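Just so we're clear, the structure is a prediction, and the values are computed from it rather than from any experiment. We use all heavy atoms of the structure for the numbers below, so side chains are in, but hydrogens, waters and symmetry mates are not.
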Amino acid sequence: MDIAPRIIEWQARAGRHGLPWQQTRDPYRVWLSEIMLQQTQVSTVLGYYVRFLSRFPDIAALAAADQEEVMPYWAGLGYYARARNLHRCAQTIATEWNGQFPQDPADIKTLPGIGRSTAAAIAAFSWDRRAAILDGNVKRVFARYFGIDGDPSKRETETRLWDLADAALPGTGMHDAGMPAYTQGLMDLGATVCTRGTPSCSQCPLASGCIALKTGRQLELPTPKARKAIPEKSTSMLLIRCGDRLLLQQRPQRGIWGGLWSLPEFGSGEAPVHALQALCGAVPADFVTLAPFSHVFTHYRLLAQPCLAELAQPCDAPADCRWFDISTLEQLALPRPVEKLLLGLYGNTPSLLPA
């Protein structure tokens with residue numbers, strides 16, 4: 001199998017070279033970029049990556065921080081379990097690995113939030129380790145090149161792709177110089193050339209051997225997942241304001257928006273005034289039903305109905321709730337749709353997203 005030399009040559013000539021995490025061999029920075037790039041575009045990650053490192057420059061700084069300090073630096077990136085696992089992983093490295101990132105991909109894979117492909121990428125970029133990656137983009141490249149039918153997320157198909165990924169690795173005689181370039185080249189190829197909708201086959205270094213191209217099946221492979229109707233869930237939210245302060249509730253650590261500050265929720269069939277009284281025993285001076293909004297998660301669509309309650313005096317809040325001045329909201333980790341709602345109501349509130 002001779003695809004590795006072609007990918008390495010192509011990466012040197014046409015791949016991406018100016019991304020900030022490509023200028024380092026520090027496993028902490030490599031790891032951070034790999035986690036941020038999961039399910040997230042490079043253009044979105046760039047600002048977050050720089051901002052995160054300015055606050056947590058190394059594993060020791062991240063491990064020493066409280067999770068509540070970490071979450072604001074992830075707010076807006078989504079998939080918040082990544083941030084929680086990132087924090088847990090730093091603490092595990094600090095306590096169980098003497099603060100040093102393990103170098104063996106098998107050891108890296110045991111850390112919180114790190115799977116086989118991410119472990120291989122960290123090891124390849126940091127220490128030239130010879131280990132195969134298989135993220136979503138690489139699955140697409142291999143499914144097309146080798147003509148592999150079947151949903152890549154299914155175990156049987158994924159196992160075939162992993163076997164091919166292992167077989168396609170650079171030979172042992174060249175891996176010291178070639179593994180970072182080969183690994184980066186595969187990522188670049190899937191992200192910029194062998195794209196989902198309109199692959200640029202004329203620019204692909206693997207075009208001469210690609211089965212999908214030869215058979216005209218570029219848009220059929222990889223086999224798409226069977227479409228399922230997206231279920232909908234409904235909730236109502238309390239926007240409780242007293243003067244220039246808002247009452248926010250911290251979400252449970254596990255589940256959607258885990259650990260973030262959000263608006264207290266109540267069942268769609270419950271009266272807002274009853275929900276407010278149950279939460280903090282308050283009776284609003286005024287109640288306004290705001291425009292509903294929706295937010296699409298991976299597995300369902302959330303329909304939310306916010307209700308604004310204006311209080312004359314702040315109420316006693318439960319342990320998981322806290323009053324915040326509106327001017328300090330930029331310091332909090334808020335779910336993206338809640339942030340958008342608050343920005344729409346209080347336009348002078350700075351965005352949580354990096355410039």
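Without hydrogens or angle criteria, S117 side chain to I133 main chain gives no donor-acceptor distance under 3.5 Å. Side-chain atoms of H17 come within 3.5 Å of backbone N or O of Q11 as a donor-acceptor pair. The backbone N or O of A75 lies less than 3.5 Å from no partner atom in the side chain of Y80, so there is not a single donor-acceptor pair. Of the possible polar contacts, one joining the R130 side chain to the P170 backbone as a donor-acceptor pair under 3.5 Å is found. Side-chain atoms of Q203 do not come within 3.5 Å of backbone N or O of V193 as any donor-acceptor pair. Looking at E34, its side chain never comes within 3.5 Å of a backbone N or O of V30 through a donor-acceptor pair. Side-chain atoms of R140 come within 3.5 Å of backbone atoms of C194 as a donor-acceptor pair (strictly under, hydrogens ignored). Under a 3.5 Å cut-off, the side chain of R144 and the backbone N or O of L213 do not form any donor-acceptor pair. A distance-only check finds a donor-acceptor pair linking the side chain of S54 to the backbone of R51 [under 3.5 Å]. Side chain of T110 to main chain of D107: a donor-acceptor pair is present (N/O by atom type, distance under 3.5 Å, no hydrogens or angles).
Linking ILVMFWY side-chain heavy atoms closer than 4.5 Å, directly or via other members, places Y145 and L221 in two distinct hydrophobic clusters. Clustering ILVMFWY residues whenever any of their side-chain heavy atoms sit less than 4.5 angstrom apart, transitively, puts L290 in a cluster other than the one holding I240. One hydrophobic cluster holds both L19 and I35 under the rule that ILVMFWY side chains link at heavy-atom gaps under 4.5 Å. Two different hydrophobic clusters hold V288 and V283 under the rule that ILVMFWY side chains link at heavy-atom gaps under 4.5 Å. F266 is not connected to L308 by any chain of hydrophobic side-chain contacts under 4.5 Å among Ile, Leu, Val, Met, Phe, Trp and Tyr, and they are in different clusters.
Other residues, nucleotides and ligands contribute only 12 or fewer heavy atoms inside 6.0 Å of the CD atom of Q100. The number of heavy-atom neighbours closer than 6.0 Å to CZ of R160, taken from other residues, nucleotides and ligands shown, is 12 or below. Crowding of R55 atom CZ: a count of heavy atoms from other residues, nucleotides or ligands under 6.0 Å exceeding 12. In the displayed structure, R13 atom CZ is contacted under 6.0 Å by more than 12 heavy atoms of other residues, nucleotides or ligands.
If you look at Y48 and F52, their ring centroids are not closer than 6.0 Å.
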Discussion item. If you apply the rule side-chain hydrogen bond (donor to acceptor under 3.5 Å, both in side chains), what do you find for D320 with Q250, and how did you get there?
Written reply: CA-CA 6 Å; D320 58 351; Q250 190 168 36; over 6 Å; no
Discussion item. Applying side-chain contact (heavy atoms from CB on, under 4.5 Å) to H87 and E69, what does each step give before you reach the verdict?
Written reply: CA-CA 10 Å; H87 185 235; E69 296 177 71; over 6 Å; no
Discussion item. Determine whether L248 and V338 satisfy the following criterion, side-chain contact (heavy atoms from CB on, under 4.5 Å), listing intermediate values before the conclusion.
Written reply: CA-CA 11 Å; L248 298 179; V338 173; 5.6 Å; no
Fill in: E68 and R322: CA distance, side-chain angles, deciding distance, salt bridge (Lys or Arg N to Asp or Glu O under 4.0 Å) verdict
CA-CA 13 Å; E68 190 169 327; R322 192 182 304 172; 3.5 Å; yes
Discussion item. Could you walk me through whether Q249 and M237 satisfy the side-chain contact (heavy atoms from CB on, under 4.5 Å) test, starting with their C-alpha distance in whole Å, then the side-chain angles of each, then the deciding distance to 0.1 Å, before giving a yes or no?
Written reply: CA-CA 11 Å; Q249 187 171 42; M237 295 181 169; over 6 Å; no
Discussion item. Would V138 and D135 count as a side-chain contact (heavy atoms from CB on, under 4.5 Å) here? Give the steps.
Written reply: CA-CA 5 Å; V138 178; D135 63 12; 3.1 Å; yes
Item to complete: Starting from the C-alpha separation in whole Å, work towards a yes-or-no answer on side-chain hydrogen bond (donor to acceptor under 3.5 Å, both in side chains) for T118 and Q38.
Response: CA-CA 9 Å; T118 301; Q38 292 172 0; 3.1 Å; yes
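Annotation: the span from L303 atom CG to S234 atom OG amounts to 4.5 Å, rounded to 0.5 Å. Between the CG atom in L260 and the CD atom in Q253 there is a gap of 9.0 Å [rounded to 0.5 Å]. For the atom pair NZ (K154) and CG (L161), the distance works out to 14.5 Å, reported to the nearest 0.5 Å. In this structure, CG on L302 lies 5.5 Å from CZ on F297, to the nearest 0.5 angstrom. Rounded to the nearest 0.5 Å, atoms SG (C89) and CG (L111) are 4.0 Å apart. With rounding to the nearest 0.5 angstrom, the NE2 atom of H274 is 10.5 Å from the CG atom of L276.
Note: F101 and W127 have tilted aromatic rings, judged against thresholds of 30 and 60 degrees for the angle between ring planes. The aromatic rings of F324 and W261 stand perpendicular to each other, their planes meeting at an angle above 60°, with 30° marking the opposite boundary.
Evaluated for a ring-ring contact (aromatic ring centres under 6.0 Å, His included) with W21, the options Y28, W31, Y49 yield exactly one hit, Y49.
By the 4.0 Å N-to-carboxylate-O rule, R25 lies close enough to D128 to be salt-bridged with it.
Contact of the I148 side chain with the P222 side chain is not registered, since no non-hydrogen atoms from C-beta on lie closer than 4.5 Å.
Summarising the geometry of R84 relative to M71, their closest heavy-atom pair is CG-SD, 4.3 Å, with the distance given to 0.1 Å.
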